[in-house]
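Presented below is the structure to which this report refers.
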Amino acid sequence: MVKKPLDVLNRALQTPVIVRLKGGREFRGILNGYDIHMNLVLENAEEIQNGEVVKKLGNVIIRGDTVVFISPSE
Amino acid sequence: MVKKPLDVLNRALQTPVIVRLKGGREFRGILNGYDIHMNLVLENAEEIQNGEVVKKLGNVIIRGDTVVFISPSE
Amino acid sequence: MVKKPLDVLNRALQTPVIVRLKGGREFRGILNGYDIHMNLVLENAEEIQNGEVVKKLGNVIIRGDTVVFISPSE
Amino acid sequence: MVKKPLDVLNRALQTPVIVRLKGGREFRGILNGYDIHMNLVLENAEEIQNGEVVKKLGNVIIRGDTVVFISPSE
Amino acid sequence: MVKKPLDVLNRALQTPVIVRLKGGREFRGILNGYDIHMNLVLENAEEIQNGEVVKKLGNVIIRGDTVVFISPSE
Amino acid sequence: MVKKPLDVLNRALQTPVIVRLKGGREFRGILNGYDIHMNLVLENAEEIQNGEVVKKLGNVIIRGDTVVFISPSE
Amino acid sequence: MVKKPLDVLNRALQTPVIVRLKGGREFRGILNGYDIHMNLVLENAEEIQNGEVVKKLGNVIIRGDTVVFISPSE
């Protein structure tokens, strides 16, 4: 029942996630990859501010260092 | 009687915790997992601002780097 | 006579301490545990702002990364 | 199908990328190189603010530490 | 003649020092201990703001991570 | 064709570079040395603000930790 | 001709240097020592703000982590 954070990330692969960054910005997209630093690969990524899409980014590599949380939408 | 921080986290598994992040935001949820970096997995997570729920997040992986404190509610 | 910081922490176990965090907040409580990163476990923890208790937290795990100083009250 | 962040960077070599830095600045250029810290080499780099080119930089070495995300434009 | 920073700290043991922290606060006290991270133990510590004592702290463990400089008063 | 960031730095030795620091300041000078942390040695260094020279510094050792980007002017 | 940053520091020993810190403050003094983290020992150190001496500090140990640049005055 107890889950390692990286295992939860692994189970979220190929599904939509929300990623909150330091400073408050959010990204939405399909989680396509990650590594142990929580660097992330999102596909069809959109940048969100105040609930609205402000930028469509396609593929994006997010540095783990800037991530506050990742929320799988399963 | 002396407790290592990670042991206290371990004992809080599957129970509700409050997590304060840098910048002042708080999350409430069931602690479902953690690792040695204090990366956390919360279930039924809610984001709290000024004592009010501002967002329901379901599952969330919080990066330890952004955590100020974790308070088990036992 | 010369004291290592972690030895001083060790001697403060089970006694009241004041913990100042980055950003200026303070916590008061019984030091119940720590590790080499100065992650701390406080019991009967209270959050203090401008000398007043603003929150009672019970048990709390504080990440060492956010600590400015720890003051044992012996 | 699952992609490591550095593999995605590798596949973006010699193609145009957008790089967002902490603080909000963006760079556009041809990705000419990188290392495991996500230090980047851009060719024909331009600094962008509010969607406008504010500086042409030619070659530029960006420290990974300041990077928020990298978006290949494939 | 050339001095390693930690050797200078070592020679300052049991003597009064001034410690400047990030954000501008200063502490004055007797240097009772330190470690290789420049975590410090001060005795009879006082917190100083704008040249005035704002708090008497007794013993205090200061995390090296928050230290800007240490000035022995010999 | 693919270039490691440190190789690009190496090829820029003894040539003029522009260095942007966190906070926005820029330095201009001849790159005389570097190490793997991207600590840099500049000769005939000038500090630039809003495109104007605000200080002539001669030799300067810049800590890599504060560097945003380095742009060789070749 | 190519110089490692620490070699340049080494050659500056026992000579006057200017040290800029994060946040903009500067220190002037005789460089008496350093280590691989760029922790510095200054003798006859003075703190400078807007070109004026605001504090005479005698000996001072500066943490490398807060240093932006070091400029030998040779």
Side-chain angles (χ1 to χ4, degrees), chain C residues 1-54 57 60-74, chain E residues 4-50 52-74:
Chain C
M1 218 74 156
V2 176
K3 302 164 178 167
K4 288 282 169 201
L6 289 181
D7 292 345
V8 177
L9 260 188
N10 197 62
R11 238 165 327 179
L13 280 167
Q14 314 304 349
T15 72
V17 297
I18 291 167
V19 181
R20 170 90 52 88
L21 301 191
K22 288 174 186 169
R25 297 192 174 232
E26 287 191 4
F27 288 83
R28 214 158 49 186
I30 307 296
L31 183 65
N32 245 341
Y34 69 92
D35 61 24
I36 56 161
H37 307 292
M38 286 210 195
N39 296 320
L40 306 173
V41 182
L42 296 191
E43 201 178 78
N44 293 329
E46 294 173 326
E47 187 176 357
I48 314 284
Q49 261 184 315
N50 305 317
E52 279 177 46
V53 177
V54 294
L57 285 156
V60 70
I61 301 156
I62 299 175
R63 278 188 72 246
D65 173 49
T66 69
V67 171
V68 175
F69 70 74
I70 305 150
S71 182
S73 49
E74 30 137 17
Chain E
K4 287 282 169 201
L6 289 181
D7 292 346
V8 177
L9 259 189
N10 197 63
R11 238 165 326 179
L13 280 168
Q14 313 304 348
T15 73
V17 296
I18 291 167
V19 181
R20 169 90 52 88
L21 301 192
K22 289 174 185 169
R25 297 194 173 230
E26 287 191 3
F27 287 83
R28 214 158 49 186
I30 307 297
L31 183 65
N32 246 339
Y34 70 92
D35 61 24
I36 56 162
H37 307 292
M38 287 210 196
N39 297 320
L40 306 172
V41 182
L42 296 191
E43 201 178 77
N44 292 328
E46 294 173 325
E47 188 176 355
I48 314 284
Q49 261 184 314
N50 305 318
E52 279 178 46
V53 178
V54 295
K55 203 167 189 174
K56 289 181 177 287
L57 285 155
N59 280 324
V60 70
I61 301 156
I62 298 175
R63 278 189 72 247
D65 173 48
T66 69
V67 172
V68 175
F69 70 74
I70 303 149
S71 181
S73 49
E74 32 136 16

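Labels below follow one simple rule: chain letters A, B, ... track the order of the sequence lines, proteins then strands, and each chain is numbered from 1. Everything numeric in this text was worked out from a predicted model, so none of it was measured.
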Q. Is it the backbone or the side chain of E:Asp65 that comes under 4.5 Å from a heavy atom of chain C, or both, or neither?
A. side chain

Q) Out of curiosity, C:Leu57 CG to C:Phe27 CZ, how far, rounded to the nearest 0.5 Å? A) 6.0 Å

Q. Are C:Lys3 and E:Tyr34 in a cation-pi setup, meaning NZ or CZ lies under 6.0 angstrom from the ring centre and within 45 degrees of the ring axis?
A. no

Q. Is it the side chain or the backbone of E:Leu42 that comes within 4.5 Å of chain C heavy atoms, both, or neither?
A. neither

Q) Given a strict heavy-atom distance threshold of 4.5 Å, which part of C:Leu9 is in contact with chain E: side chain, backbone, both, or neither? A) both

Q | Exam field: side chain E:Asn39 to backbone E:Gly64, donor-acceptor pair closer than 3.5 Å | A | yes

Q | Pairing residues for C:Glu43 by the side chain to side chain donor-acceptor pair (under 3.5 Å) criterion, not counting sequence neighbours | A | C:Asn32

Q.
Let's test your reading of the structure: which of E:Leu40, E:Val60, E:Ile61 forms the most heavy-atom pairs below 4.5 Å with chain C?
A. E:Ile61

Q. Where on E:Leu21 is there a heavy atom nearer than 4.5 Å to chain C: the side chain, the backbone, both, or neither?
A. side chain

Q: Quick one: pull up CG in C:Leu6 and CE in C:Met38 and give me the separation to the nearest 0.5 Å.
A: 5.0 Å

